[in-house]
Amino acid sequence: MTTAKGLTNGAIPMGAVFAHPQNLRCVHAGPENTIELFHGYTYSAHPVACAAALATLEVYTREGC
């Protein structure tokens with residue numbers, strides 16, 4: 001299953017980023033006035049996609065997936 005489909009059960013597009021902790025530390029080591037891990041995906045943090053992801057995660061938790 002892909003991450004985007006797994007997050008929302010395919011109900012609506014949802015973007016996701018995975019980063020190894022070592023790489024993330026490098027990103028966080030940048031200047032304080034910059035955005036950490038700026039990526040600009042179209043569906044990042046879209047309220048409907050986030051609601052679908054939360055609902056999907058609740059089902060996964062309830063069903064023990």
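Being a predicted model, the structure only gives us computed values, none of them experimental.
Annotation for I12 and A49: closest pair CG2-CA, 3.6 Å, computed over non-hydrogen atoms.
For E58, the side chain to side chain contact (heavy atoms under 4.5 Å, CB included) test picks out no residue, with sequence neighbours left out.
Atom OG1 of T8 and atom CG of L54 lie 11.5 Å apart (nearest 0.5 Å).
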